[in-house]
Protein chains: 2
Amino acid sequence: MMIQQQSCAFDQTSGVRKALDLVADKWTALIIMALAQDTKRYGELHRKIDGISQKMLTQTLRQLEGSGLIHRKVHPVVPPMVEYSLTLLGETLVEPLKALCSWAAEHFHEVEAAREQASTEKTNPNEAA
Amino acid sequence: MMIQQQSCAFDQTSGVRKALDLVADKWTALIIMALAQDTKRYGELHRKIDGISQKMLTQTLRQLEGSGLIHRKVHPVVPPMVEYSLTLLGETLVEPLKALCSWAAEHFHEVEAAREQASTEKTNPNEAA
DNA sequence: CTGAATCCCTTCCGATACTG
DNA sequence: CAGTATCGGAAGGGATTCAG
């Protein structure tokens with residue numbers, strides 16, 4: 001086992017990995033973005049993100065809470081009511097995330113076009129002649 | 001099957017998903033960031049990222065090439081030499097990615113502190129008294 | 001050097017059922 | 001409503017081997 005050290009955060013892998021491991025959870029960013037607008041209840045998140053299962057929602061929520069990015073407020077009422085909101089730390093993540101989403105909104109057409117072209121080239125190799 | 005439409009890209013899930021599906025590959029962002037500096041050969045990337053296997057490197061490289069984010073230039077020499085570089089489209093992704101990495105560099109201490117505290121609270125529940 | 005292909009183990013994650 | 005527990009398929013990804 002070796003310890004590798006680097007000075008610049010995005011010059012090497014370590015800093016990048018820490019960011020991605022947090023965000024690349026496929027659901028993490030969705031939840032952050034959903035909560036960026038306002039506080040939401042468990043069911044609201046479940047309905048809003050919709051593709052997510054209870055398992056993944058709860059699991060990701062727990063992880064985000066443990067990482068200090070969201071706050072979980074339990075209201076002692078019946079039926080149970082739990083509200084999730086971003087912490088101050090969580091709010092700082094919204095900006096970079098929005099930057100990424102803006103990029104996607106702006107360029108995903110080009111990405112899909114490139115993919116289309118890549119498929120076409122595989123199908124019709126004579127194009128390259 | 002239902003079609004859900006939204007006006008704002010990061011208001012709903014679809015736009016966010018497209019961005020994350022591209023970046024959340026655990027290796028994709030690393031490669032983009034590695035190439036952000038300059039053109040690199042296969043072996044250089046392999047050495048620089050280092051945690052990656054040949055399989056994942058090649059696989060991710062192919063995917064990025066197919067998405068039009070990187071360019072693959074084969075030099076007809078022996079031994080073989082292949083250089084990878086960002087396309088113009090790929091370069092547009094660097095900015096948002098750096099934003100994310102900057103966030104990580106700036107806040108990952110807080111995240112780890114929160115995680116530490118979360119573990120402590122589980123171990124010592126009497127803290128909350 | 002660059003890469004393809006296989007094996008195989010691990011993790012992810014969705015579906016389902018159950019609880020306070 | 002807001003979870004927890006378990007099962008099982010699917011996918012991710014590492015190690016190894018072979019090839020041009």
Side-chain angles (χ1 to χ4, degrees), chain A residues 1-2 4 13 16-17 20-31 34-35 38-67 70-85 118 121-122 125, chain B residues 1-2 13 16-17 20-32 34-35 38-67 70-85 118 121-122 125:
Chain A
M1 175 186 301
M2 22 177 44
Q4 50 182 60
T13 53
V16 187
R17 285 298 291 272
L20 274 312
D21 285 356
L22 240 181
V23 173
D25 267 278
K26 183 189 185 181
W27 296 119
T28 300
L30 279 311
I31 293 180
L35 292 178
D38 48 28
T39 293
K40 284 188 175 55
R41 300 180 54 177
Y42 182 90
E44 289 183 276
L45 284 172
H46 196 187
R47 250 173 287 112
K48 171 140 192 170
I49 302 183
D50 181 69
I52 198 173
S53 60
Q54 305 97 312
K55 180 181 179 177
M56 289 317 296
L57 179 55
T58 300
Q59 182 175 311
T60 311
L61 245 20
R62 289 287 185 276
Q63 171 204 323
L64 287 175
E65 186 190 4
S67 298
I70 67 174
H71 176 66
R72 179 171 180 263
K73 181 173 186 181
V74 180
H75 297 261
V77 298
V78 32
M81 175 177 177
V82 181
E83 285 185 334
Y84 292 93
S85 56
E121 283 177 357
K122 270 193 305 184
Chain B
M1 176 185 301
M2 27 176 40
T13 53
V16 187
R17 285 299 291 272
L20 275 310
D21 285 356
L22 241 181
V23 173
D25 267 276
K26 183 187 185 182
W27 297 117
T28 298
L30 280 311
I31 293 179
I32 296 287
L35 292 178
D38 48 28
T39 292
K40 286 187 174 56
R41 298 180 55 178
Y42 182 89
E44 289 182 278
L45 284 172
H46 196 188
R47 251 174 286 111
K48 169 140 192 170
I49 302 184
D50 181 69
I52 198 171
S53 60
Q54 305 97 315
K55 178 182 179 178
M56 289 317 297
L57 179 56
T58 301
Q59 182 175 311
T60 310
L61 245 21
R62 288 289 184 277
Q63 171 205 323
L64 287 175
E65 186 189 5
S67 299
I70 67 174
H71 176 68
R72 179 171 179 264
K73 182 174 185 179
V74 181
H75 297 261
V77 298
V78 30
M81 174 177 176
V82 180
E83 286 185 334
Y84 292 93
S85 56
E121 283 176 356
K122 269 193 304 185

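Values below: all heavy atoms of this structure, side chains included; hydrogens, waters and symmetry mates excluded. In the text below, chain A, chain B and the rest are named by the order of the sequence lines, each starting its count at 1.
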Worksheet item: Taking for each residue the nucleotide of DNA chain D bearing the nearest heavy atom, is the 5' side occupied by A:Arg62 or by A:Lys55?
Response: A:Arg62
Item to complete: Give, for atom NE2 of A:His75 and atom NZ of A:Lys73, the distance between the pair rounded to the nearest 0.5 Å.
Response: 4.5 Å
Worksheet item: Can any side-chain N or O of A:Thr60 pair as donor or acceptor with the backbone N or O of A:Thr28 at less than 3.5 Å?
Response: no
Worksheet item: At under 4.0 Å between heavy atoms, what does B:Gln59 touch on the DNA or RNA strands: base, sugar-phosphate, or nothing?
Response: nothing
Fill in: Side-chain donor/acceptor of B:Lys40 to backbone N/O of B:Glu83, under 3.5 Å
no
Practice prompt. Measure across B:Ala118 and A:Gly66 and return the closest heavy-atom pair with its distance rounded to 0.1 Å.
Written response: CB-O, 3.9 Å
Response to the item:
Bounded by its outermost nucleotides with an atom under 4.0 Å from a heavy atom of chain B, the footprint on DNA chain D reads D:dG13 to D:dG20
Worksheet item: Looking just at side-chain N and O atoms, do B:His71 and B:Glu65 make a donor-acceptor pair shorter than 3.5 Å?
Response: no
Response to the item:
the helix from C:dC1-D:dG20 to C:dG20-D:dC1: angle between terminal helix axes, five bp per end, to the nearest 10 degrees, reads 40°
Worksheet entry | Heavy-atom closest contact (A:Thr58 atom, A:Tyr42 atom, distance) | OG1-OH, 2.9 Å
Practice prompt. Taking all non-hydrogen atoms of both residues into account, name the closest pair between A:Leu35 and A:Tyr84 and its distance.
Written response: CD2-O, 3.4 Å
Fill in: Among A:Gln63, A:Met56, A:Gln59, the one residue meeting side-chain contact (heavy atoms from CB on, under 4.5 Å) with A:Trp27
A:Met56
Fill in: Earlier contact from the 5' end, DNA chain D, for B:Pro80 and B:Met56
B:Met56
Fill in: B:Leu61 versus B:Ile31, closest heavy-atom pair with distance
CD1-CG2, 3.7 Å
Worksheet item: Under a criterion of less than 4.0 angstrom to any heavy atom of chain B, what are the 5'-terminal and 3'-terminal contacting nucleotides of DNA chain C?
Response: C:dC1 to C:dC7
Worksheet item: Is the closest basic N to carboxylate O distance between B:Asp50 and B:Lys48 below 4.0 Å?
Response: no
